[in-house]
Every structure is written in C-alpha cells, then in structure tokens.
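Below: one structure, written as structure tokens.
Chain identifiers are assigned alphabetically (A, B, ...) following the order of the sequence lines, protein sequences preceding nucleic acid strands; residue numbering begins at 1 within each chain.
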Amino acid sequence: MKLYNTLSKQIEEIVPIEAPSVTLYTCGPTVYDYPHIGNWFTFIRYDVLVRTLKASGLSTRWVLNITDVGHLVSDADDGEDKLEKGARMEGKTAWDVAAFYGTYFEDALRRLNFSKPDFLPKATEHITEQIEMIRILTDKGYTYVIDDGVYYDTAKFERYADFACLDLDEQQAGARVEFNPQKRNATDFALWKFSPTDQQRDMEWDSPWGKGFPGWHIECSAMSRSYLGDTIDIHSGGIDHIPVHHTNEIAQSEASTGKRFANTWMHSNHILINDEKISKSLGNGITLEDIEAKGYSLEVLRLHALESHYRSQSKFSWDSLEAAQNRLKSYQAMADLRFQAQEAGNEKPRDFDHVIRSDILEPLFEDLNTPTVLANISNLENALNTDCINSIEVAGLSKYLQTIDDTLGLRLIQSKDINDEQKTLIQNRWEARQSKDWAQSDALRDQLVADGIGLRDTQFKSIWYRL
RNA sequence: GGCGCCUUGGCGGAGUAGUCACGCAACGGUCUGCAAAACCGUGUACACGGGUGCAAAUCCCGUAGGCGCCUCCA
C-alpha cells in the first residue's frame, strides 16, 4: 500500500524493513483530561491505517503510547505540568489523574472498535530507558545542563531543521512565550527537568543529573526504540507534531543511534468546528460522551471521521454528524439485505471479489482514500436497491461487508437478523395485502414500526430495514 | 515577521487536463390501496484575473479571502 510520507513529501509504497511485519509507532494521548473529537478523529484514522496494512497482507507491530507524565504547560513554565496541575485542581495526585484518564482511554478504544494495539506503554513505566537515552546523548556531546534541567543542543544536530523545513533564523523564537535565556538555541529542548526545590512533585525520579522528571519528547524516542528497534517503518501523529515534537524525536533518536528513526511519517490533519480549531479556551472540545448524549453512536462518529481525507483540514458540525448517521443507516439497510436475499442459485453474476478490490481496497491502498471508499459503498448500495432482492448473492455481499468492517471498523456485519415472530408479522402483512385487507395490513405494519422495523414494498415481497 | 496549506453546487466532501464522485438537504416525477422506502430527474460547482494546451475546475503566474504552525496541542 501507498502512504504520503511527510519526510519525502511524496506518496510512497510502504516497504517494511522486515516484511511482512510493519513496525508502527503512534503518539498517543497525554492522559490529563477527556480526549475531544479532534483527538478521536486522528486516532480513528490511525486505526484505519493499521486495518488497511493488515488488509494489504502485512502484519503489524503497533505501539500506541500513553503519556502519563505531564508535558509542560509552556516553555517558560517553572516545572508545573498538565498532569500535576490537573491533579491539584481535582485534589488528587498526578498518579491518580493519569490512572483515571489512562483507563478511560483504553476503555474508549474498545468502545470505538479500535484494533488492539500490540503495546500500550506508559511513559512512567519506561523512565529507565529514557534516562539511558539521555545518557547516550550526553556521552555523545549533544546535551548541556542549565538551572532547570538537561537540554538537547539542537545546533549539534545538523539536520535539525530539515524534517519540518524550518527556517530557524527567521522564526520568532519567544514570539509568544518567554524562553529561558540560558538556553543556547531557541529550539533547544529539555531532556530531563529538575524538580523544583520549593515544591514537592507527585512524579519524580532519581537520575544521574538530579531528581526530576523526563522532558516532553524523550519518552517517544525511548519507547519506540525499546519496543520496535532503532529504525521503524511508520511513525504517526498529529500534524501539529511536525515542527516540534517529531523534529525533536528525530534529533534524539538519530543522534543516539546513528540510524534513521522512521522511514515513513504519517500525519493527520486537524478538524475545525465553526472554522476554528478545537481548544480548551474556545470551549469547543466535544467528547465521546457529548456525542452519545445527543443520541449518536460512536460508529457514526467513526464514519464521519472517514468522510474526509486524513490529510485535509476537515470540519465537524452536528449537521454533518446527522448526515453521517443517515449514511450509516443506509449502509446498515444494505447489510440487512443479506438476511433477505434467497440463495436460489439464480444469482445475477456480480463479481464481489472484484468490487471489493476496486471499490474498497484499491482506494485505501492509495494513501487511505476513505471518502472515495464511502462513495463507492454508496454506489453499490444504490445498485443493490435496483437489483432484484433474490438475485443478490448472499455470500458475496457478506464478504463485501466483512471487508468494510475489517478496514473501516463500522461493524456492519454485526447486526443480527430479525426474529421469527417479526418475520411472521411481515409474512402475515404481505398476505393481508395480497387479499386487500388493508386494515389488517396497516395494523401489522404499525406493530412492526413500533418494533423499530420499516418496510419497503416491492413487486415480489416486502423488504425490511431498521428505523 | 517567518514557514506551510487551503478556496468545489444550500451544507459537508472526493477527484481530475477531455462521460458520473458521494452523503445530507431542496424541488419535480415514477411506483404505491394509503404510506414509507426505493428509483428517476432538476439545480449553468469548481474564489477572481491572466497565461500555456486541441482541451483547465485540474498545470503556471498574479490578486483576494481563509486557515494552520512558529508555545502544550490530534
């Protein structure tokens, strides 16, 4: 399969280092709050990447990390981080907060029907590896120590600006934030921060440089290496990570190992709400609970996330979520046709194997073109509606639906057939209609509607669908 | 100030140098006992101005507007 590579700025074939296994690292959440739908859009798209890699015949070793030690609130911060701050506000320890939201996140992955990551490592469980990497960087002369911590000297890593195409001289360092004047370069970043002397932190560890906690970027470099080796196939994350987090990861990893860190970098763009980014200050951080409170299933959210391409800056609105819900209903109606077609051996030859390849797999293999896949599914759904119900090949349709579920995770094939009682009602109504007993026919129809089942009368039989 | 991206019909959103995206909504119709659903059809969609091509919404240049990043961020 092919994927756009931020590193080369081209769409490239994924060629695993050790085929058929693909090593994949995804920058996961910092567990200090409920993730918002912007976060989930991004994660859903990574899930589809993993599913698509598998559908292309590759296997995956997928690390999705959980950052449970806080990133600093800002560069100028005195050491208070998100987790510690969140803990103080809730009257708990940073450990409590991280455990709560960490559990929430893992549970949400199941609710959203994510494929299971092979590893969900926590930063606090890999402090030793992080210290080890900082030690290597120190031995190689990439670090220096100032008041508040051990820093990476980005001037020592010649390629520093390359990944994000940064123009370091022209960037207004400190345009919006004061930075520590002891830093040698504006882009230098902390590898290890010292605990403040006047304050007891919830999370702190001993290190060769003093008691403290890891910097904001080292965990990913250390955990990626620990689970997947020096060079990995694909590293994914949000588009915002390009200029800082991923740039710094590359600097750390490549300086310490002397090898390329990741062959392919995949970045998901952000979504906008009312043409604005999602942020705490705007108060537009919709959560999964908000979605469900309005009566939408998480499959609807997933479908909506796939209606735009992962590299485009797309929009979220309740109206478009509603549109996604209607679309999903029509897909589910298509899925329910497999219970109603009769395999009488008189199927019209529809080559489902070919359709699966051309409509689903090929667009996905071409840089995850999920909007085109959905358009193709809609086209097939429309075509099946004009087919005679008895001419639909059940096995082929089931395979088609299974492929959708395997790659997009929409759970279409999970719907169950209606029960025998309901089937009898439908049959009785059909017979009432045939004998023009409209009162009886309508009464039975009302009964079915009350049961959440709608009917579509065709020339030969009534086709049911879920309301 | 620097870097980058974007501008497609009422809304969302693919795609592409030469028949169709698709979804939602709207309108008209067919079918129907009535409905519903389904199907068919309709809407001069590609920001604006130039340029290159037989042909441009699609490539190039310019203009306008919008967005993102340069601070933690999905």
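- When the P atom is used for both B:rU63 and B:rG4, the distance is 16 Å, rounded to whole Å.
- Each of B:rA38, B:rC67, B:rC72 was ranked by its minimum atom distance to the side chain of A:N385; first place goes to B:rA38.
- Among the atoms of the strands shown, none is found under 4.0 Å from any heavy atom of A:F41.
- Taking 4.0 angstrom as the limit, A:N326 places none of its side-chain polar atoms (N or O) nearer than this to OP1 or OP2 of B:rC24.
- Of the P atoms belonging to B:rA57 and B:rG33, the separation is 49 Å, rounded to the nearest Å.
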Please encode protein proximity along nucleotides 4-20 of chain B as a string of B, S and -, counting only heavy-atom distances under 4.0 Å. --------SSSS-----

Within the sub-3.5 Å range, which N or O atoms of nucleotides 30-33 of chain B have a protein N or O partner, and how far apart are they?
unit_1, atom_1, unit_2, atom_2, d
B:rG33, O6, A:S441, OG, 3.2
B:rG33, N1, A:D442, OD1, 2.9
B:rG33, N2, A:D442, OD2, 2.8

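- Comparing the C1' positions of B:rA35 and B:rU44 gives an interatomic distance of 36 Å, to the nearest angstrom.
- Using a 4.0 Å heavy-atom distance criterion, A:H267 is classed as making no nucleic acid contact.
- Using modelled atom types and a 3.5 Å distance limit, the side chains of A:Y227 and A:H126 yield a donor-acceptor pair.
- A distance of about 15 Å separates the P atoms of B:rG28 and B:rA37, rounded to the whole Å.
- Comparing B:rC46 with B:rG13, their C1' atoms sit 13 Å apart, to the nearest whole Å.
- Note: A:Y25 and A:H235 have tilted aromatic rings, judged against thresholds of 30 and 60 degrees for the angle between ring planes.
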Test salt bridge (charged side-chain N to carboxylate O under 4.0 Å, His left out) on A:E322 and A:K294 and set out the steps. CA-CA 10 Å; A:E322 180 74 19; A:K294 292 219 180 195; over 6 Å; no

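- Of the candidate nucleotides B:rG23, B:rC73, B:rA36, B:rA36 has the atom nearest to the side chain of A:Y465.
- For A:T42, there are no side-chain hydrogen bond (donor to acceptor under 3.5 Å, both in side chains) partners at least two apart in sequence or on another chain.
- Spacing of C1' atoms, B:rU58 relative to B:rG43, comes out at 23 Å, to the nearest Å.
- In this structure, A:N382 does not reach the B:rC40 phosphate: none of its side-chain N or O atoms is under 4.0 Å from OP1 or OP2.
- Put simply, A:K277 has a side-chain N or O that comes within less than 4.0 Å of OP1 or OP2 on B:rC69.
- Using a 4.0 Å heavy-atom cutoff across all strands shown, A:I271 reaches at least one base atom of the nucleic acid.
- Salt-bridge annotation for A:R429 and A:D457: present, with a side-chain N of the basic residue lying under 4.0 Å from a carboxylate O of the acidic one.
- Here B:rG12 is in the anti range [glycosidic angle more than 90° from 0].
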Once Watson-Crick and G-U wobble pairs under 3.5 Å are found, how is RNA chain B written in dot-bracket notation, 5' to 3', with | for any base paired to another strand? (((((((..(((.....[...))).(((((.......)))))....(((((..]....))))))))))))....

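- Of the charged side-chain nitrogens involved, at least one lies within less than 4.0 Å of a carboxylate oxygen, so that A:K423 and A:D417 count as a salt-bridged pair.
- For A:H267, the side-chain hydrogen bond (donor to acceptor under 3.5 Å, both in side chains) partners are A:T6, A:H246, not counting sequence neighbours.
- A distance-only check finds a donor-acceptor pair linking the side chain of A:R51 to the backbone of A:D405 [under 3.5 Å].
- With salt bridges taken as basic N to acidic carboxylate O contacts below 4.0 Å, one links A:R111 and A:E289.
- Side-chain atoms of A:Y310 and A:D367 include a donor-acceptor pair closer than 3.5 Å.
- A distance below 6.0 Å separates the ring centres of A:F105 and A:F43.
- Relative orientation of the A:F189 and A:H217 rings is perpendicular, given thresholds of 30° and 60° on the angle between their planes.
- Contact of the A:L3 side chain with the A:L49 side chain is registered, since non-hydrogen atoms from C-beta on lie closer than 4.5 Å.
- A heavy-atom distance below 4.0 Å to RNA chain B is reached by these residues of residues 447-455 of chain A, ordered by number: A:L455.
- Look at the C1' atom in both B:rU52 and B:rC61: the space between them is 11 Å, to the nearest Å.
- Residues A:D188 and A:K183 are not paired through a salt bridge, judged by the lack of any N-O separation under 4.0 Å between the basic side chain and the carboxylate.
- Contact annotation for A:A323: backbone-only contact, meaning every heavy-atom pair under 4.0 Å involves sugar-phosphate atoms and none involves a base.
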